[in-house]
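Below: one structure, written as structure tokens.
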There are 2 protein chains.
Amino acid sequence: MDGGGEGRGLLSDRIRNALTDEIAAGALAAGVSLDEQELADRFGASRTPVREALRQLASSGLVEVRPRRGVVVTRMTPERIMEMFETTAEFEAMCVRLATYRMTPLELSTLMNLHEQSAVPVKASDFDTYDALNRGFHEALYEATHNRFMVEQALAIRARLSAFRRTQLRHGERIRRSHAEHGGILQAIAEGDGDGAARRMRAHMLNAASALGRYVAEQTGS
Amino acid sequence: MDGGGEGRGLLSDRIRNALTDEIAAGALAAGVSLDEQELADRFGASRTPVREALRQLASSGLVEVRPRRGVVVTRMTPERIMEMFETTAEFEAMCVRLATYRMTPLELSTLMNLHEQSAVPVKASDFDTYDALNRGFHEALYEATHNRFMVEQALAIRARLSAFRRTQLRHGERIRRSHAEHGGILQAIAEGDGDGAARRMRAHMLNAASALGRYVAEQTGS
DNA sequence: GTCGCGCCTTCTGTATACAGGAGGCGGGTT
DNA sequence: AACCCGCCTCCTGTATACAGAAGGCGCGAC
């Protein structure tokens, strides 16, 4: 037996997750080069799974591999983060537009349920619960496109942002506005107004981005 | 020296490219399992670079890794391919909409140049040249979003489709219509009509998809 | 004193070796 | 005869070993 489900999967996967967290948390600063042997020692593993983990991180954009010159943590400028947010915003807008035209009544009802459920954590300022429901809301919208590939793309892009999203909702007022914006999107969907829903979604995401932007500015600027 | 530029990069990259081609060409049929040792022997390499190549293919979706149970070529149903095309179509529409609002005069002029250049291979039914220019046209549009991240996403999605795109333009009439549709998109851009350009781009991509659809139907159906 | 060349170190990329799990096959049992 | 259990094999996942490239440093030349 292991310590409770964490020693379960592949070693390379665990290393990848650990590195993902460290990069997201800032423990591994942008730009620092990652020595394979050093990481191997640190994780008590050999270079092989470390290499695999690093390649996986590279394909999700968290690190950059320069052939024969080592791996460095991708430098995430505020501009870059904003670009990622804009792309996510546009992608989600696109999804919600399609979803509006394709959603089944059952899916719409599920979405509305999610929305109402999330009113509770909003009132209680329970960030973690809201974050989970928020995530569910957006993912339900992806699913409603009825396009598996698009769902996967959306999830992949969203995953690349998750490192930065985690702090974004901790700003009291933002969570309330987020919930209200969801309501607006839902209404547009219910009215069959795909373009309107898309517009609202774009605005919703960009609002989140600008909330994050202020946070990033506080962190990097001074 | 090597045999002429192909032995250049990393071995794992060469293997990845070779496998990509073989899967795209159908030499490696969907669903077959890929034995690491067997591939290593075939490429005259060891399992290590083969493994890396397979993991990279997994992250681009061409193969699926089932932990401790081997790697299989992803089964690409016609539905799946259509989903990928739809996603690409929507993504490109989104790009061209943004590009319309952000493009510099210089970029617009470059695009128009590309378009005019491609009139030559259209007349000559020179598929390969047109394919290259077509590619350039679309990539120039990505760039015109002035959003590096979006460009990268667009290129990544496009790369995943390239395996199927290659056959799509070989159908005589299609190449002519494709060129005409590009013209329509350019005109909408020139008029600053982002939504119109997006609509035309979506139609353009879906036309290409339906051309491919007929081809796929011929292949799989009977 | 400054610039250029070559050696040396270090790390990546590749090969090989070892260990544990997954699935198949055969024998035993009911 | 059919089903279940256990062994056995193959293959993946991980560790270790080896070779070649990239960059740094020092020495020599101008």
Side-chain angles (χ1 to χ4, degrees), chain A residues 1-20 22-23 28-75, chain B residues 1-20 22-23 28-75:
Chain A
M1 272 306 128
D2 52 64
E6 249 314 274
R8 206 74 295 267
L10 300 181
L11 185 51
S12 56
D13 284 351
R14 278 191 288 148
I15 295 176
R16 172 174 53 73
N17 290 335
L19 289 176
T20 299
E22 289 188 26
I23 293 173
L28 285 174
V32 309
S33 73
L34 301 174
D35 184 89
E36 293 180 359
Q37 187 61 54
E38 181 186 314
L39 290 173
D41 294 344
R42 195 147 72 74
F43 287 103
S46 78
R47 278 178 53 216
T48 312
V50 170
R51 271 180 76 82
E52 287 209 1
L54 288 176
R55 299 313 165 115
Q56 289 180 258
L57 291 179
S59 77
S60 52
L62 282 175
V63 303
E64 283 171 17
V65 176
R66 304 158 309 170
R68 297 194 190 277
R69 294 184 55 200
V71 175
V72 297
V73 178
T74 304
R75 226 174 256 286
Chain B
M1 271 302 135
D2 53 63
E6 249 314 273
R8 206 75 294 267
L10 299 181
L11 185 50
S12 56
D13 284 352
R14 277 191 289 149
I15 295 175
R16 172 174 53 74
N17 290 335
L19 288 177
T20 300
E22 289 187 25
I23 293 174
L28 286 174
V32 309
S33 73
L34 302 174
D35 184 88
E36 294 180 357
Q37 186 61 55
E38 180 187 314
L39 290 174
D41 295 343
R42 195 147 71 74
F43 287 104
S46 77
R47 278 178 53 217
T48 311
V50 170
R51 271 180 76 80
E52 287 209 1
L54 288 175
R55 299 312 164 115
Q56 288 181 258
L57 292 179
S59 76
S60 54
L62 282 174
V63 302
E64 283 170 19
V65 176
R66 302 160 309 170
R68 296 193 190 277
R69 295 183 55 199
V71 175
V72 298
V73 178
T74 303
R75 228 173 256 285

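Just so you know, these numbers use all the heavy atoms, side chains as well, and skip hydrogens, waters and symmetry mates. This is a predicted model, so every value here is computed, not measured. Here is how names work: the chains are called A, B, and so on, in the same order as the sequence lines, proteins then strands, and each is numbered from 1.
Listed by chain and residue number, A:E52, B:R51, B:V65 satisfy the side-chain contact (heavy atoms from CB on, under 4.5 Å) test with B:R55 (two or more places apart in sequence, or in another chain).
Straight-line distance from the CZ atom of A:F43 to the C1' atom of D:dT14: 16 Å, rounded to whole Å. Spacing between atom CD1 of A:I15 and atom C1' of D:dT14 amounts to 10 Å, rounded to whole angstrom units. Computed from coordinates, the A:Q37 CD to D:dC18 P distance equals 15 Å when rounded to whole Å. Straight-line distance from the CG atom of B:D41 to the P atom of D:dC11: 11 Å, rounded to whole Å. A straight line from CG of B:D13 to C1' of C:dT14 spans 13 Å, rounded to a whole angstrom.
Rounding to the nearest 0.5 Å places CG of B:L62 at 5.0 Å from CD1 of B:I23. The OG atom of A:S12 sits 9.5 Å away from atom CG of A:N17, with the distance rounded to the nearest 0.5 Å. Rounding to the nearest 0.5 angstrom, the gap separating the CG atom in B:L39 from the CG atom in B:L19 is 5.5 Å.
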Contact list (N/O, under 3.5 angstrom) for nucleotides 17-24 of chain C vs protein:
residue, atom, partner, partner atom, Å
C:dG23, OP1, B:R69, NE, 3.0

Are any protein N/O atoms closer than 3.5 Å to N/O atoms in nucleotides 7-11 of chain C? If there are, list each pair with its distance.
residue, atom, partner, partner atom, Å
C:dC11, O5', A:D35, OD1, 3.0

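For C:dA15, the OP1/OP2 oxygens have a side-chain nitrogen or oxygen of B:S46 closer than 4.0 Å. Close to C:dG13, at under 4.0 Å from its OP1 or OP2, lies no side-chain N or O of B:S12.
Within residues 50-60 of chain A, the residues approached by DNA chain C to less than 4.0 Å at the level of any non-hydrogen atom are A:R51, A:R55, in residue-number order.
Judged as a side-chain hydrogen bond (donor to acceptor under 3.5 Å, both in side chains), not a single pair has a partner in residues 58-69 of chain B (not counting sequence neighbours). Listed by first then second residue, pairs satisfying side-chain hydrogen bond (donor to acceptor under 3.5 Å, both in side chains) with a partner in residues 39-49 of chain A read A:E22-A:R42, A:E36-A:R47, A:Q37-A:D41, not counting sequence neighbours.
Summarising the geometry of B:A29 relative to B:V73, their closest heavy-atom pair is O-CB, 3.5 Å, with the distance given to 0.1 Å. Considering every non-hydrogen atom in both B:G61 and B:T74, the closest pair reads O-OG1, 3.0 Å. Across every non-hydrogen atom of B:L10 and A:P67, the tightest pair is CD1-CB, 4.2 Å. Nearest heavy atom pair, residue A:A45 against residue A:L11, reads CB-CD2, 3.7 Å.
In this structure, the side chain of A:S33 does not engage the main chain of A:V71 through any donor-acceptor pair within 3.5 Å.
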